[in-house]
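In what follows, a structure is listed as structure tokens, so that the remarks can point back to it.
All residue numbers in this chain count up from 1 along the given sequence.
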Amino acid sequence: MKLSVQQIEPFDIVPGYHARFVHASTMTLAYVNIEAGASLPVHSHFHEQILNMLEGSFELTLAGKRLQLEPENVVVIPPHVPHSGFAKTRCHILDVFHPVREDFVNKNVDYGSR
């Protein structure tokens with residue numbers, strides 16, 4: 001099935017974080033548009049996460065360390081590690097999660113066969 005990401009209805013993870021999810025059998029992709037000034041509270045999860053910075057300027061706090069992210073930066077977030085974020089500008093991020101983010105499965109497109 002071929003689909004444009006823009007055809008996927010966005011889901012607000014938290015205020016200012018608008019995500020479009022694509023779920024496969026073992027991973028989830030999250031295309032996230034973030035409003036300038038929006039914060040993501042400290043959280044952790046058992047998923048391994050790869051954050052791909054596509055546009056904007058984003059401050060990620062990972063295990064208490066602040067990282068300034070710009071386009072083409074990639075960060076691997078290990079399972080169970082506390083992290084939070086702040087969008088200094090409007091941002092676009094592609095997050096990849098393994099395994100599937102079951103908590104978001106019914107939010108957008110599901111290509112998996114679970």
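Counting heavy atoms from C-beta on, the side chains of N33 and P10 never come closer than 4.5 Å. Put simply, the side chain of T28 does not reach to within 4.5 Å of the side chain of F104, judged on heavy atoms. The side-chain heavy atoms of P99 and H47, taken from C-beta on, include a pair separated by under 4.5 Å. R101 places none of its side-chain heavy atoms less than 4.5 Å from the side chain of F21.
Across P71 and G56, no two heavy atoms sit closer than the pair CD-O, 3.2 Å. Of all heavy-atom pairs spanning F86 and S39, the tightest one is CD1-OG, 3.4 Å. Residues A38 and P15 approach most closely at CB-O, 4.0 Å, considering heavy atoms. When every heavy atom of T26 is checked against every heavy atom of H98, the shortest pair comes out as O-ND1, 2.6 Å. Taking each heavy atom of A63 and V81 in turn, the nearest pair found is CB-CG1, 3.7 Å.
Here S44 pairs with nothing under the side chain to side chain contact (heavy atoms under 4.5 Å, CB included) rule; sequence neighbours left out. Remark: E72 pairs with no residue by the side chain to side chain contact (heavy atoms under 4.5 Å, CB included) rule, at least two apart or across chains. In this structure L67 satisfies the side chain to side chain contact (heavy atoms under 4.5 Å, CB included) test together with L60, L62, K65, L69, V75, sequence neighbours excluded. Listed by chain and residue number, nothing satisfies the salt bridge (Lys or Arg N to Asp or Glu O under 4.0 Å) test with E35 (two or more places apart in sequence, or in another chain). For D12, the salt bridge (Lys or Arg N to Asp or Glu O under 4.0 Å) criterion is met by no residue, not counting sequence neighbours.
Atoms NE2 and OG, on H23 and S25 in that order, are 12.5 Å from each other to the nearest 0.5 Å. Taking CD1 from I93 and OH from Y31, the interatomic distance works out to 13.5 Å, rounded to the nearest 0.5 Å. Here the straight-line distance linking atom NE2 of H18 with atom CZ of F11 works out to 12.0 Å at 0.5 Å rounding.
Put simply, L3 and V96 are part of the same group of oily side chains (I, L, V, M, F, W, Y) that touch within less than 4.5 Å, one to the next. The hydrophobic clustering, which links ILVMFWY residues whose side-chain heavy atoms are closer than 4.5 Å, places F97 and L40 apart. Cluster annotation: V42 is not connected to V32 through the hydrophobic network of ILVMFWY side chains, with a link wherever side-chain heavy atoms come within less than 4.5 Å. Linking ILVMFWY side-chain heavy atoms closer than 4.5 Å, directly or via other members, places L51 and V14 in a single hydrophobic cluster.
A distance-only check finds a donor-acceptor pair linking the side chain of R20 to the backbone of I8 [under 3.5 Å].
Residue pairs meeting the side chain to side chain donor-acceptor pair (under 3.5 Å) criterion with at least one partner in residues 48-58, sequence neighbours excluded, are H45-Q49, Q49-H83, Q49-D95, E55-R90, S57-E70.
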